[in-house]
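Notes follow once the structure below has been shown.
It should be emphasised that the depicted structure is a prediction, and the values quoted were computed from it without experimental measurement. Residue numbering restarts at 1 for every chain, and letters A, B, ... go by the order of the sequence lines.
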Amino acid sequence: MIRDITIGQYYPAKSVIHRLDPRVKIICTLLFLISLFIQRSVLGYGAATVFLGLVIYMSRVPLGFILKGLKPIIMLLLITVLFTLFLTREGQELVHFWIFRITDKGLEITVYTAIRLIYLIMGSSIMTFTTTPNSLTDGIESVLHPLNKIKVPVHEVAMMMSIALRFIPILLEETDKIMKAQIARGADLESGNIIQRAKAMIPILVPLFVSAFRRANDLAMAMESRCYHGGEGRTKMKPLVYKTRDYLAYMINVVYVLLVFFIGRFVSFHIWIF
Amino acid sequence: MSIKLEHLNYIYSPGTAFEKQALKDISLEISQGEFVGIIGHTGSGKSTLIQHFNGLIKATAGALYYNGENIYEEGYNMRELRSQVGLVFQYPEHQLFEADVLSDVCFGPKNQGLSQEECERRAKEALDLVGFPEKYYQQSPFELSGGQKRRAAIAGVLAMRPGVLVLDEPTAGLDPKGRDEILNQVEHLHKSTNMTVILVSHSMEDIARHVDRIIVMNRGEKMFDGRPKEVFAHYRELEEVGLAAPQVTYIMHALKARGLDVRTDATTVEEAAKEIIRSFHD
Ligand SMILES: Nc1ncnc2c1ncn2[C@@H]1O[C@H](COP(=O)(O)OP(=O)(O)OP(=O)(O)O)[C@@H](O)[C@H]1O
Ligand SMILES: [Mg+2]
């Protein structure tokens, strides 16, 4: 049930994308996310689709698995879509009933927003699917390293982020277990009105919080007993080193972003699907 | 009451890289009043198997009949099944949530729709049964020791008065006295109320001492199913899959090898003692 949530999980497989340097993946993902926002044309989104499709194909993570990661944001997606669809007033009116009106402009924005959101999640989950939490921290730390100069505790922030990421699947697993245990004691999670349902969550939330705090405590203790004291003077067993494939990946990504940028800039004609 | 499994298969996360066949073609039947032990190496599928008994997880393929009714049929009353088949999870202490122990144990009976007094009566009875000290009834369950938490959690399931009690390693991490107390109580319940008990354990001694029948799991498959003496006679095969016979069984074999004329099928210390004494008298 709850295990279907896949955000933040690592998907073990042997692929080029898995082997890329985490810095490459972080920066390229960022550029990809930016590229989603600098375009408003079918051509641009076509390029994004091709690029994303290619990366997913190369990563050997099954598409179904990535799509499953979208489930938790379906609500958010729906709300966004409905609001933009009905509240955009500009453009030519297509349909009108009661207080609702749908304009062609609104429809266009809605489609783009939905695609953006979906690609956003897919793009970033590809990064977490193909990068172990450990190398993700290494990457984040290294990418943010310049901020050290302005007294940002980069190492600590990176550590916190990676722990948070790592804890998502653990807590989901725990939730699953606790839910099962309470269902076995006759807990009814499915029926009743909203208040009854919220009340029914208590037997699950309380043990979950208790266990989260216990885990956090244990982890802190384990880290301390191994003499962890933050980033200062800490060296790495496997320092990050760029390889040829990493430079290649950067190049492909930059070409893609430039392409999208120029499409947005100079291809002024608007191909409209409808 | 009977539980019958027919060609049951279960696969975790099918269709992904994490795909894992946890159960392979399991068929077995457990009838009213049996005391069954399930043993198997770590990851052999014991916990997965027992979660099928009250419908918490649904088999990927195969059928499960409770009292002759297929529980996977449309409209089968799962809640009723769950109050009939009480399942105590591995590390059940993680399910405690109420402000005090007594209310926590009342959670199950309350879900069965019983009155407050009846809930408390059953809760007290269950707590007493597992040897939970009365002075801690009003204590927060989070301030108890591990063993006390375990008892409170087991009581939480017993208070529902299930017809079938399934225990997943109920004694892991308890001291020897606590372990014996709980298992003796369970056996007492089994004898006095004819309750069906299914016990998962890694302790061959506990299993040999209490159960009438052993099911051995190996890599998701049923390897042996029989009376303790029959199963432990295969101690060589058991060792190959990371299990063992009770220690006394080895002693009996060693005695026999050194020329003492004893039968080697004793599985508990008492039996072994009797057998050795008998061999001296002959
Ligand atoms: N929630 C899950 N998701 C995926 N795989 C799982 C899950 N739970 C168990 N497994 C896998 O299924 C197999 C059987 O697990 P199960 O928990 O039934 O073993 P077990 O016999 O109870 O072991 P133990 O003696 O350690 O409790 C194991 O290989 C395990 O890795
Ligand atoms: Mg188990």
Are there more than 12 heavy atoms of other residues, nucleotides or ligands under 6.0 Å from atom NZ of A:Lys236?
yes

Over 12 foreign heavy atoms within 6.0 Å of CE, A:Met161
no

Mind checking the CD1-CG spacing from A:Ile183 to B:Asn111? Nearest 0.5 Å is all I need.
11.0 Å

Who in residues 136-160 of chain B is close to chain A, using a strict under-4.5 Å heavy-atom cut-off?
B:Phe142, B:Gly156, B:Val157, B:Met160

Is it the case that over 12 heavy atoms from other parts of the model lie below 6.0 angstrom from the CD atom of B:Glu134?
no

Under a 4.5 Å heavy-atom cut-off, does chain A meet the side chain of B:Gln112, its backbone, both or neither?
neither

Nearest-0.5 Å distance, OG of residue B:Ser13 to NZ of residue A:Lys68:
6.5 Å

So CZ of B:Phe97 and CD1 of A:Ile204: to nearest 0.5 Å the spacing works out to 9.5 Å

Heavy-atom count check: over 12 atoms from other residues, nucleotides or ligands less than 6.0 Å from B:Gln116 CD?
yes

Is there a side-chain contact between A:Lys177 and B:His94, using heavy atoms and a 4.5 Å cut-off?
no

Heavy-atom closest pair (A:Ala184 atom, B:Asn54 atom, distance to 0.1 Å) is CB-ND2, 3.8 Å

Check whether more than 12 heavy atoms from other residues, nucleotides or ligands sit under 6.0 Å from atom OH of A:Tyr228, and answer yes or no.
yes

Under 4.5 Å from any heavy atom of chain A, what part of B:Glu98 do you find: side chain, backbone, both or neither?
neither

Given a strict heavy-atom distance threshold of 4.5 Å, which part of A:Arg60 is in contact with chain B: side chain, backbone, both, or neither?
neither

Once you round to the nearest 0.5 Å, how far does CZ of A:Arg185 lie from NZ of B:Lys110?
11.0 Å

If I compare all heavy atoms of B:Arg79 with all of A:Gly186, which pair ends up nearest, and what's the gap?
NH2-O, 2.8 Å

Answer yes when B:Arg82 and A:Asp188 have at least one side-chain N-carboxylate O distance shorter than 4.0 Å, and no when they do not.
no

Please state whether the side chain, the backbone, both or neither of B:Leu81 comes within less than 4.5 Å of a heavy atom of chain A.
neither

Could you grab the distance from atom CZ of B:Phe107 to atom CD of A:Gln182, nearest 0.5 Å is fine?
5.0 Å

Ranking A:Ala13, A:Gly64, A:Ala181, A:Ser211 by heavy-atom pairs under 4.5 Å to chain B gives rank one to A:Ala181

Could you check whether atom CZ of A:Phe209 has more than 12 heavy atoms from other residues, nucleotides or ligands sitting under 6.0 Å from it?
no

